[in-house]
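Values below: every heavy atom of this structure, side chains too, minus hydrogens, waters and symmetry copies. Starting from 1, each residue takes its place in the sequence as its number. Computed from a predicted model, the values in this text were never measured in an experiment.
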Amino acid sequence: MPDIIKIIVDTAGLEGHGAFIYLENHKPVLVGRHTGTGQTDLPLYNQLVSKQHCRLSRVHNDVYVEDLGSKNGTELNGKRLHPNQSYRIGDGDQLTLVNGLVALHLERGSDLEETREYRVSDLMENEIRLHDYLQNIQIGSDSITLSKKEYQLFKLLYNCLDHFVTRDQIVREVWPERCVDDAELVGVDEVNSLIYRTNKKLGDHFTIRSVYKKGVYMKKQDDSEEVSTGSPS
């Protein structure tokens, strides 16, 4: 069975708290500076990172990195890479950007919470209808109307059902107007409050959970399982 491979971003002073992304076979990931346009797969909030800094690719269980002509460079084990050449990242190798200012850690895992398959079953599709204009979810005979941002959050988590989503991804999807220069940053309490309100409105159909250092995910609530609508940690 193929490994689950995750790339975790570590920046100075924020080790273990950065964004992350899962690498899928033959689906390259573009790493670059956050610009608010959504053109990068793994945006970094650092002005020294280029808009298109490097590309990560997975071929079966091997991972490769290619510097895309970045201004401040990509390093593998401290050695700056030549632009537009592909390098294999071995187990234990250290991948950094901007002379070590940003580190990208490769993690292989079999944690059940991190190996949830990305899927929406045929049964799920038949049970649920989303009405974008009305910001309404029809689940069987039940109808749930959400606010604009609650609905955006639900759609993001629904499309990634049983799969972790980072808080950075939530901010980019739900608050795009505040992902531009000079805009007020979206605070942790603001994100938590939105998750809490949405979770409560979903009742016994879905539950949203927050896992420290991993992210947020939503799962379909089993009839036999108690629903928790408490504010996520």
As an exercise, state the distance from CD1 of Ile137 to CD1 of Ile139, rounded to the nearest 0.5 Å. 5.5 Å
Hey, mind stepping through Lys155 and Asp132 against salt bridge (Lys or Arg N to Asp or Glu O under 4.0 Å) and telling me if it holds? CA-CA 9 Å; Lys155 282 190 69 176; Asp132 289 353; 3.2 Å; yes
Should we say atom CD of Glu177 is surrounded by more than 12 heavy atoms from elsewhere, each under 6.0 Å from it? yes
Does Leu106 reach the side chain of Ile7, with side-chain heavy atoms less than 4.5 Å apart? yes
Answer yes or no: is there a donor N or O on one side and an acceptor on the other, between the side chain of Asn136 and the main chain of His131, under 3.5 Å? no
Side-chain donor/acceptor of Glu107 to backbone N/O of Lys6, under 3.5 Å: no
Which heavy atom of His163 sits nearest a heavy atom of Tyr217, and at what distance? O-CB, 3.6 Å
With a 4.5 Å cut-off on side-chain heavy atoms, are Phe206 and Ile128 touching? yes
To check you understand the geometry: which heavy-atom pair defines the closest contact between Ser50 and Lys71, and what is its length? OG-N, 3.1 Å
Neighbour count above 12 (heavy atom, 6.0 Å) for Lys149 NZ: yes
How about NE2 on His82, more than 12 heavy atoms from neighbouring residues, nucleotides or ligands closer than 6.0 Å, or not? no
Any side-chain to backbone donor/acceptor pair from Arg58 onto Glu24? Under 3.5 Å, distance only. no
If you round to the nearest 0.5 Å, how far is CD1 of Ile5 from CG of Leu56? 11.0 Å
Evaluate the side-chain proximity of Thr198 to Tyr151: yes if any heavy-atom separation is below 4.5 Å, no if none is. no
Same apolar cluster: Val59 and Val63, side chain cutoff 4.5 Å: no
From Glu150 atom CD to Ile195 atom CD1, the distance as rounded to the nearest 0.5 Å: 12.0 Å
State whether the side chain of Tyr22 and the backbone N or O of Ile4 hold a donor-acceptor pair below 3.5 Å, judged by distance alone. no
Point-to-point distance, once rounded to the nearest 0.5 Å, from CG of Asp91 to CZ of Arg108: 5.0 Å
Do side-chain atoms of Arg33 reach the backbone of Val49 as a donor and acceptor pair under 3.5 angstrom? yes
Please examine the side chains of Ile144 and His205, heavy atoms only from C-beta on, and report whether any two atoms are closer than 4.5 Å. yes
Ignoring hydrogens and geometry, is there a side-chain-to-backbone donor-acceptor pair from Ser57 to Tyr64 under 3.5 Å? no
Between Pro28 and Arg55, the two heavy atoms sitting closest are CB-CD, 3.7 Å
Under 3.5 Å, is there a donor-acceptor pair between the side chain of Asn199 and the main chain of Thr207? no
Test item: Val29 and Leu23 side chains (from C-beta on) under 4.5 Å apart, heavy atoms: yes
Got a second to check how far Ile8's CD1 is from Leu104's CG, nearest 0.5 Å? 10.5 Å
For Leu185 against Arg178, the heavy-atom pair lying closest together: O-NH2, 3.0 Å
Over all heavy atoms of both residues, which pair between Cys54 and Thr74 is shortest? Give the atoms and the distance, please. CB-OG1, 3.9 Å
For Leu68 and Gln52, work out which heavy atoms get closest and say how close. CB-O, 3.6 Å
Evaluate the side-chain proximity of Val31 to Leu44: yes if any heavy-atom separation is below 4.5 Å, no if none is. yes
Do Arg172 and Pro43 touch side chain to side chain, with heavy atoms closer than 4.5 Å? yes
Are Ile89 and Leu30 connected in a single hydrophobic cluster, I mean Ile/Leu/Val/Met/Phe/Trp/Tyr linked by side-chain heavy atoms less than 4.5 Å apart? no
For the OG atom of Ser70 and the CG atom of Leu48, what is their distance to the nearest 0.5 Å? 11.0 Å
Could you state whether Ile21 and Val102 fall into the same hydrophobic cluster, counting links through intermediate Ile, Leu, Val, Met, Phe, Trp or Tyr residues with side-chain heavy atoms under 4.5 angstrom apart? yes
